[in-house]
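Just so we're on the same page: letters track the sequence lines, and every chain starts at 1.
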2 protein chains.
Amino acid sequence: MSDDEPRWLNTDENEAWLALARTLMRLPAALDTQLQRDQGITHFEYQVLAGLSMSPEHNLRMSELALFADGSLSRLSHVVKRLERRGWVYRTPDPDDGRYTRAFLTDDGWQKVVEAAPGHVAEVRRLVFDPLTKAQQKQLRDIGRRITNAIGAEDTCPDQ
Amino acid sequence: MSDDEPRWLNTDENEAWLALARTLMRLPAALDTQLQRDQGITHFEYQVLAGLSMSPEHNLRMSELALFADGSLSRLSHVVKRLERRGWVYRTPDPDDGRYTRAFLTDDGWQKVVEAAPGHVAEVRRLVFDPLTKAQQKQLRDIGRRITNAIGAEDTCPDQ
DNA sequence: GCATTTGACTTGATGCGTCAAGTTATCGTT
DNA sequence: AACGATAACTTGACGCATCAAGTCAAATGC
């Protein structure tokens with residue numbers, strides 16, 4: 001677990017780590033900024049709405065939605081409550097199994113996604129894909145997967 | 001600004017974006033988890049302590065420290081207040097120019113960094129560098145820089 | 001040399017995420 | 001059919017980040 005002498009980062013690693021750390025700090029902030037400024041929603045709220053909009057009947061179980069949006073059930077519950085207040089979503093117990101709750105997108109909610117999506121995608125493109133070469137895009141996918149795999153094992157998801 | 005028809009992400013881009021989004025979500029959480037569990041501090045608090053520990057006299061101006069730790073002055077002010085309460089840091093007006101505040105690491109603060117650093121570095125290594133090839137590490141540095149450059153121009157830092 | 005401006009913080013209110021503790025509905029067992 | 005166990009949420013309290021407004025010290029203009 002702990003060596004006698006820790007292996008510090010060498011110069012190359014340190015530069016890579018610095019670059020990654022900056023990205024971890026600023027990219028989410030930048031994406032949130034765009035959505036907040038143009039649409040008055042957070043990136044997480046966007047993901048929730050987008051998740052519902054992509055499902056066949058515009059509805060999902062809370063647990064499915066939490067998995068999709070990569071957040072805890074508790075967080076999702078709070079967020080959906082706010083989205084419900086804004087009239088974009090409503091919840092009903094699943095008719096097939098009363099333990100589940102289904103979140104439905106309203107028509108207004110659908111409109112909101114349709115309105116928000118192009119700007120968000122454009123921002124992702126501008127900040128992530130435009131600056132990278134094709135090869136780097138592929139590398140990025142592989143790198144991201146390797147890192148999340150390294151994390152993935154112990155705690156697949158928060159909460160619970 | 002907005003095209004007639006937005007350019008959606010293609011399959012390759014979508015996979016890369018998914019992998020990146022997961023990393024953005026989970027890597028910071030994983031690093032915070034380790035530091036919180038083993039040392040009772042957040043990653044941002046660690047960065048603040050580490051920043052001070054690396055400076056010649058174990059002190060920096062708040063504004064320098066904010067830049068180093070990649071956070072707003074306001075955020076830093078709150079955090080340093082907490083670190084001060086815990087006895088790891090203290091603040092004094094800069095003797096040379098009373099407008100600046102200097103944050104100093106205490107002996108206990110230094111001990112804390114020495115205690116926390118090896119475990120944190122080991123976690124970064126385990127989650128980021130061990131899973132990657134040498135070539136990917138270099139790519140990661142370049143990719144990170146390109147993305148932060150794309151962001152960088154408009155808002156170098158929050159607050160202010 | 002006094003007033004204004006600028007810059008470097010500091011503070012308090014607000015909102016969101018997390019954590020621990022509930023609730024409620026079904027399932028398995030007896 | 002009753003009982004505990006489990007799974008799927010929901011809720012409330014708490015901590016931290018952000019934002020807007022305030023404070024205070026030096027520089028700047030007149």
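- Protein atom CG of Asp32(B) is 15 Å distant from nucleotide atom P of dG17(C), rounded to whole Å.
- In this structure, CZ of Arg82(A) is placed 16 Å from P of dT14(C), rounded to the nearest angstrom.
- Among the nucleotides dC9(D), dT11(D), dG12(C), the one closest to any side-chain atom of His78(A) is dT11(D).
- The side chain of Arg75(A) approaches dT18(C) more closely than any other nucleotide in the set dA8(C), dT18(C), dT10(D).
- Taking the six-membered ring where tryptophan is involved, the planes of His43(B) and Trp17(A) are perpendicular, since the angle between them exceeds 60° and thus also 30°.
- For the pair Arg75(A) and Phe44(A), the distance from NZ or CZ to the six-membered ring centre is under 6.0 Å and the angle to the ring normal is within 45 degrees.
- Taking only side-chain atoms of Leu73(A), from C-beta outward, the nucleotide of dT10(D), dA8(C), dC19(C) with the closest atom is dT10(D).
- What separates CZ of Arg61(A) from P of dA25(C) is a distance of 16 Å, to the nearest Å.
- Rounding to whole angstrom units, CG of residue Asp97(A) and P of dC9(D) are separated by 9 Å.
- As rounded to whole Å, 9 Å separates atom P of dC9(C) from atom CG of Leu76(B).
- Counting only N and O atoms by type, the side chains of Asp32(B) and Gln36(B) include no donor and acceptor under 3.5 Å apart.
- In this model, no donor atom of one side chain and acceptor atom of the other lie less than 3.5 Å apart for Gln47(B) and Asp70(B).
- Among the heavy atoms of the strands, none lies under 4.0 Å from Arg102(B).
- When the side-chain nitrogen and oxygen atoms of Ser74(B) are compared with OP1 and OP2 of dC19(D), none of them lie within a distance under 4.0 Å.
- Heavy atoms of Ser77(A) sit under 4.0 angstrom from at least one base atom.
- The residue among Phe44(A) and Thr101(B) whose nearest nucleotide of DNA chain C is located toward the 5' end is Thr101(B).
- Across the protein-nucleic acid pair, Met25(B) atom CE and dC16(C) atom P stand 15 Å apart, rounded to whole Å.
- In this entry the distance linking CG of Leu67(A) with C1' of dA7(D) reads 15 Å, nearest Å.
- In terms of position on DNA chain C, the residue among Thr42(A) and Glu64(B) whose nearest nucleotide sits closer to the 5' end is Glu64(B).
- For the atom pair Phe104(A) CZ and Glu84(A) CD, the distance stands at 12.0 Å (nearest 0.5 Å).
- Atom P of nucleotide dT11(D) and atom CZ of Arg91(A) are separated by 7 Å, given to the nearest angstrom.
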